[in-house]
Visitor: 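Below is one structure. I have some questions about it.
The structure displayed is predicted, hence computed values, not measured ones.
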Amino acid sequence: MIKKILILDKNHPFIIYKLKKKGFICDENYDDSTDQINLSAYDGVILRSRLKIDKKFIEKAKNLKFIARIGSGTENIDKDHVRKKGITLISSPEGNKDAVAEHAIGMLLCMMNHIIHSHQQIITGKWSRETNRGIEIMGKTIGIIGYGNTGKAFAKKLSGFDAKILCYDILPEIGDIYAKQVNMNTIFKKSDVISLHVPYTKRTKGMINYDFIKNFYKPFYLINTSRGGCLITSHLANALKNGKIYGACLDVLEYENFSSSNIFLNQKFHKSFLYLIHSNKVLFTPHIAGWTKESKFKMDRKIVEKIIFLNQKFHKT
């Protein structure tokens, strides 16, 4: 039975209100490090990305029944050791899937139609129509790599653009009416746009690299709203220079850490990243694809629903 929960990151007020209403005791600790936190009295922990939940931290949790990570990524948690200890790991990728999908489409439209670039030209007194002639999504083939919550939401929202949508995933038979599931060779052969929707794992770390890019039969646009570590920045820069990639929409960067703090503080960047910053072929946002007012509430609501459901399971056993 779950009684006492420790909340380690500030979230929507709904989460504490709803959990207390359901009879849970909720304590908050938004400042201490993992070494300072006493977990012995708690049945569950709720967090985002402020702390890294490693083996040492988990070993102190003698009574812990669950760890709830608000959001989709769980790379700040030692998942193998969590499973070994019999602790249930909860996340809420359903809560921000629509926000990520809308953001990805928005970035693609801005990139293909030179919206940001032409705006910047106009405010400096330059009116250039022909150099900013756009490209339509209609008729293009869009390859989605990773067909989970956000990949499916992206495909659904693209369905009105009259594009051909393909998806690749390590799981079989998860294609649907919005995207046809194919092998990677078909993705390489057909795609005009690639959108990445994968978790950050040993398998996906650095997956967008020189060897990956050279497999494409034609140049393409790249969207990454998943994790920055899935893409090698220097390899992307080279692909932009040699025309293998037309343009890149990056909501996440290789240089981010778990807490997504300001990456420009106390950091020297590789010249490849400086090239991207000054290139009109690249559009950046600061890891905000899933960061909407609506998703903030929806992610917390999903976590609450899953905690309540988990507690009901404990009651039955």
Visitor: Please find the pair of heavy atoms, one from Tyr200 and one from Arg227, that lie closest to each other, and give the distance.
Guide: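 Nearest pair, atom of Tyr200 first, then Arg227: CB-CG, 3.6 Å.
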Visitor: Salt bridge or not for Arg133 and Glu130, using N-O below 4.0 Å?
Guide: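 Yes.
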Visitor: Determine the interplanar angle of the Tyr221 and Tyr246 rings, folded into 0 to 90°, and report it as parallel if under 30°, tilted if 30 to 60°, perpendicular if over 60°.
Guide: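 Taking Tyr246 first and then Tyr221, their aromatic rings sit tilted (interplane angle of 30° to 60°).
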Visitor: So do Asn76 and Arg48 actually touch side chain to side chain, heavy atoms under 4.5 Å?
Guide: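 No, every pair of side-chain atoms sits at 4.5 Å or beyond.
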Visitor: Donor-acceptor pair, Asp300 side chain versus Ile15 backbone, under 3.5 Å?
Guide: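 No.
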Visitor: CE/Met107 to OG1/Thr225 distance, rounded to the nearest 0.5 angstrom?
Guide: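 One gets 8.5 Å once the value is rounded to the nearest 0.5 Å.
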Visitor: Please answer: with hydrophobic residues joined when any side-chain heavy atoms are less than 4.5 Å apart, are Met112 and Ile115 in the same cluster?
Guide: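 Looking at the clustering, Ile115 is in a separate group from Met112.
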Visitor: Does the pair Met1 and Asn311 meet the rule for a side chain to side chain contact (heavy atoms under 4.5 Å, CB included), with working shown?
Guide: CA-CA 6 Å; Met1 184 175 177; Asn311 195 41; 4.0 Å; yes
Visitor: So for atom CZ, which belongs to Phe309, do other residues, nucleotides or ligands contribute more than 12 heavy atoms lying within a distance under 6.0 Å?
Guide: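 Counting neighbours around CZ of Phe309, 12 or fewer heavy atoms of other residues, nucleotides or ligands fall under 6.0 Å, so no.
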Visitor: Could you see if Ile25 belongs to whatever hydrophobic cluster contains Tyr17? Use Ile, Leu, Val, Met, Phe, Trp, Tyr and a side-chain cutoff under 4.5 Å.
Guide: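 As far as the 4.5 Å side-chain criterion goes, Tyr17 and Ile25 are not connected within one cluster.
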Visitor: Does the pair Lys157/Asp98 count as a salt bridge with the N-to-O cut at 4.0 Å?
Guide: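 Yes, Lys157 and Asp98 are salt-bridged.
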Visitor: Does some side-chain heavy atom of Tyr168 sit less than 4.5 Å from a side-chain heavy atom of Val198?
Guide: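 No, side chains not in contact.
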Visitor: Might you confirm whether atom NZ of Lys156 has over 12 heavy atoms from other residues, nucleotides or ligands at distances under 6.0 Å?
Guide: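 No, not enclosed.
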Visitor: How many angstroms lie between CG in Leu276 and CG in Leu283, if you round to the nearest 0.5 Å?
Guide: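 Reported value, rounded in 0.5 Å steps: 12.0 Å.
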Visitor: With a 4.5 Å limit on heavy-atom distance, are the side chains of Lys218 and Asp192 in contact?
Guide: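 SC-SC contact between Lys218 and Asp192 confirmed.
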Visitor: If we check side chain to side chain contact (heavy atoms under 4.5 Å, CB included) with Asn209, which of these qualifies: Ile232, Leu231, Leu236?
Guide: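 The residue from Ile232, Leu231, Leu236 that satisfies side chain to side chain contact (heavy atoms under 4.5 Å, CB included) with Asn209 turns out to be Ile232.
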Visitor: Does the Lys140 side chain pair with the main chain of Glu136, one donor and one acceptor, at a distance under 3.5 Å?
Guide: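 Yes; at least one donor-acceptor contact below 3.5 Å.
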Visitor: Would you check if Ile53 and Val45 make a side-chain contact, meaning some heavy-atom pair closer than 4.5 Å?
Guide: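 No, every pair of side-chain atoms sits at 4.5 Å or beyond.
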Visitor: Keeping the roles fixed (side chain from Ser279, backbone from Tyr275), state whether a donor-acceptor pair exists under 3.5 Å.
Guide: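 No: the side chain of Ser279 does not pair with the backbone of Tyr275.
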Visitor: With rounding to the nearest 0.5 Å, note down the distance linking NZ in Lys281 to CG in Leu222.
Guide: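 It comes to 14.0 Å.
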Visitor: Looking at Asn63 and Tyr42, would you say the former's side chain and the latter's main chain have a donor-acceptor pair under 3.5 Å?
Guide: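 No: the side chain of Asn63 does not pair with the backbone of Tyr42.
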Visitor: Keeping the roles fixed (side chain from Thr88, backbone from Phe66), state whether a donor-acceptor pair exists under 3.5 Å.
Guide: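 The answer is no, because no donor-acceptor pair under 3.5 Å joins these two groups.
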Visitor: Regarding Thr285 and His103, do their side chains bring together a donor and an acceptor under 3.5 Å, going by distance alone?
Guide: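 Yes - a donor-acceptor pair under 3.5 Å links their side chains.
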Visitor: More than 12 non-hydrogen atoms from neighbouring residues, nucleotides or ligands closer than 6.0 Å to NZ on Lys296, yes or no?
Guide: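 Atom NZ in Lys296 is packed in, count exceeds 12.
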Visitor: Can you find a side-chain donor-acceptor pair between Asp176 and Tyr147 that sits under 3.5 Å?
Guide: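 Present: a donor and an acceptor within the cut-off.
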Visitor: For a 4.5 angstrom cut-off between non-hydrogen side-chain atoms, does Leu196 reach Met207?
Guide: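 Contact flag for Leu196/Met207 side chains = yes.
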Visitor: Return yes when atom NZ of Lys241 has more than 12 non-hydrogen atoms of other residues, nucleotides or ligands closer than 6.0 Å, and no otherwise.
Guide: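 For Lys241, atom NZ is crowded (more than 12 foreign heavy atoms under 6.0 Å).
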Visitor: Establish whether Phe212 and Ile170 are linked, either directly or via other cluster members, by ILVMFWY side-chain heavy-atom contacts under 4.5 Å.
Guide: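 Both belong to a single hydrophobic cluster.
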Visitor: Within the side chain of Asp251, is there an N or O that forms a donor-acceptor pair under 3.5 Å with the backbone of His287?
Guide: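 Yes; at least one donor-acceptor contact below 3.5 Å.
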Visitor: I'd like to know whether Tyr30 forms a side chain to side chain contact (heavy atoms under 4.5 Å, CB included) with Ile7, so could you lay out the CA-CA distance, the side-chain angles of the two residues, the decisive distance to 0.1 Å, and finally the verdict.
Guide: CA-CA 8 Å; Tyr30 304 138; Ile7 302 172; 4.1 Å; yes
Visitor: Which pair of heavy atoms, one from Ile307 and one from Ile5, lies closest together, and at what distance?
Guide: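 Where Ile307 meets Ile5 most closely, the heavy atoms are CG2-CD1, 4.2 Å.
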Visitor: Considering only heavy atoms from C-beta outward, does the side chain of His235 approach that of Ile208 to under 4.5 Å?
Guide: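 No, their side chains stay 4.5 Å or more apart.
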Visitor: In plain terms, say whether Lys65 and Asp43 are close enough for a salt bridge, that is, a side-chain N and a carboxylate O under 4.0 Å apart.
Guide: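 A salt bridge is present here (some side-chain N lies under 4.0 Å from a carboxylate O).
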Visitor: With rounding to the nearest 0.5 Å, note down the distance linking OG1 in Thr141 to NZ in Lys180.
Guide: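 Thr141 OG1 to Lys180 NZ: 11.0 Å, rounded to 0.5 Å.
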Visitor: Around atom NZ of Lys55, are there more than 12 heavy atoms from other residues, nucleotides or ligands closer than 6.0 Å?
Guide: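 No - once you tally the heavy atoms of other residues, nucleotides and ligands closer than 6.0 Å, there are 12 at most.
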Visitor: Determine, stepwise, if the pair Arg69 / Lys79 fulfils side chain to side chain contact (heavy atoms under 4.5 Å, CB included).
Guide: CA-CA 11 Å; Arg69 164 64 162 94; Lys79 294 181 283 293; over 6 Å; no
Visitor: Taking side chain to side chain donor-acceptor pair (under 3.5 Å) as the definition, give me every residue that meets it alongside Asp80, ordered by chain and number, with sequence neighbours left out.
Guide: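 Side chain to side chain donor-acceptor pair (under 3.5 Å) check on Asp80 returns Arg83.
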Visitor: Supply the atom-to-atom distance Leu64 CG to Lys4 NZ, rounded to the nearest 0.5 angstrom.
Guide: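 So the gap between those two atoms works out to 13.0 Å.
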Visitor: Which heavy atom of Lys152 sits nearest a heavy atom of Ile174, and at what distance?
Guide: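 So the two residues come closest at NZ-O, 2.7 Å.
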Visitor: Compare all side-chain heavy atoms of His119 with those of Ile116 and state whether any distance is below 4.5 angstrom.
Guide: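 His119 vs Ile116: side chains apart.
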Visitor: If two hydrophobic side chains count as joined below 4.5 Å and joins carry through other members, does Ile144 share a cluster with Val193?
Guide: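 Looking at the clustering, Val193 is in the same group as Ile144.
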Visitor: Are there more than 12 heavy atoms of other residues, nucleotides or ligands under 6.0 Å from atom NZ of Lys190?
Guide: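 Atom NZ in Lys190 is not crowded, with 12 or fewer foreign heavy atoms closer than 6.0 Å.
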Visitor: Once you round to the nearest 0.5 Å, how far does CG of Asp78 lie from NZ of Lys84?
Guide: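 NZ of Lys84 is found 10.0 Å from CG of Asp78.
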Visitor: Which class fits the ring pair Phe14 and Phe297: parallel under 30°, tilted 30 to 60°, perpendicular over 60°?
Guide: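 Because their plane-to-plane angle is over 60°, the rings of Phe14 and Phe297 count as perpendicular.
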Visitor: Can a side-chain donor-acceptor contact be found between Gln121 and Ser118 if the only test is distance below 3.5 angstrom?
Guide: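 Judged by distance alone, the side chains do not pair up.
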Visitor: With the threshold set at 4.0 Å, does a side-chain nitrogen-carboxylate oxygen contact exist between Lys302 and Glu305?
Guide: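 So Lys302 pairs with Glu305 through a salt bridge.
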Visitor: Taking only residues two or more places apart in sequence, or in another chain, which ones meet Lys205 in a salt bridge (Lys or Arg N to Asp or Glu O under 4.0 Å)?
Guide: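 Once residues adjacent in sequence are excluded, Lys205 has no partner under the salt bridge (Lys or Arg N to Asp or Glu O under 4.0 Å) criterion.
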Visitor: Is the closest side-chain donor-acceptor distance between Asp35 and Ser33 under 3.5 Å?
Guide: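 Their side chains do not contain a donor-acceptor pair, so the 3.5 Å distance test is not met.
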Visitor: Quick check: does any side chain N or O of Gln36 sit under 3.5 Å from a backbone N or O of Asp31, one acting as donor and the other as acceptor?
Guide: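 Between the backbone of Asp31 and the side chain of Gln36 there is no qualifying donor-acceptor contact (under 3.5 Å).
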Visitor: For Lys97, is there any backbone N or O sitting under 3.5 Å from a side-chain donor or acceptor partner on Thr150?
Guide: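 Absent.
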Visitor: Which atom names give the shortest non-hydrogen contact between Phe216 and Ser191, and what distance separates them?
Guide: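 Shortest heavy-atom separation between Phe216 and Ser191 comes out as CE2-CB, 4.2 Å.
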Visitor: Ignoring hydrogens, what is the shortest heavy-atom contact between Glu254 and Thr233? Give both atom names and the distance.
Guide: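 The pair with the smallest heavy-atom distance is OE1-OG1, 2.6 Å.
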Visitor: Does Gly290 offer a backbone N or O that forms a donor-acceptor pair with the side chain of Ser295 under 3.5 Å?
Guide: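 Yes; judged by distance alone, with no hydrogens or angles, the pair exists.
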Visitor: Is there a side-chain contact between Ile308 and Gln312, using heavy atoms and a 4.5 Å cut-off?
Guide: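 Yes, side chains in contact.
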Visitor: Are Leu8 and Leu89 connected into the same hydrophobic cluster when the rule is that any two of I, L, V, M, F, W, Y join if their side-chain heavy atoms are below 4.5 Å apart?
Guide: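 Yes, it is one cluster - the side chains of Leu89 and Leu8 are joined through contacts under 4.5 Å.
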Visitor: Looking at Ile142 and Phe154, what are the two nearest heavy atoms and their distance?
Guide: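 Smallest heavy-atom distance, with atoms named: CG2-CE2, 4.1 Å.
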Visitor: Would you check, one step at a time, whether the test side chain to side chain contact (heavy atoms under 4.5 Å, CB included) holds for Glu28 with Ile16?
Guide: CA-CA 9 Å; Glu28 301 166 72; Ile16 295 175; 3.4 Å; yes
Visitor: Quick one: do Glu59 and Lys85 make a salt bridge, cutoff under 4.0 Å?
Guide: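 Looking at Lys85 together with Glu59, the answer is yes, because their closest N to O distance falls below 4.0 Å.
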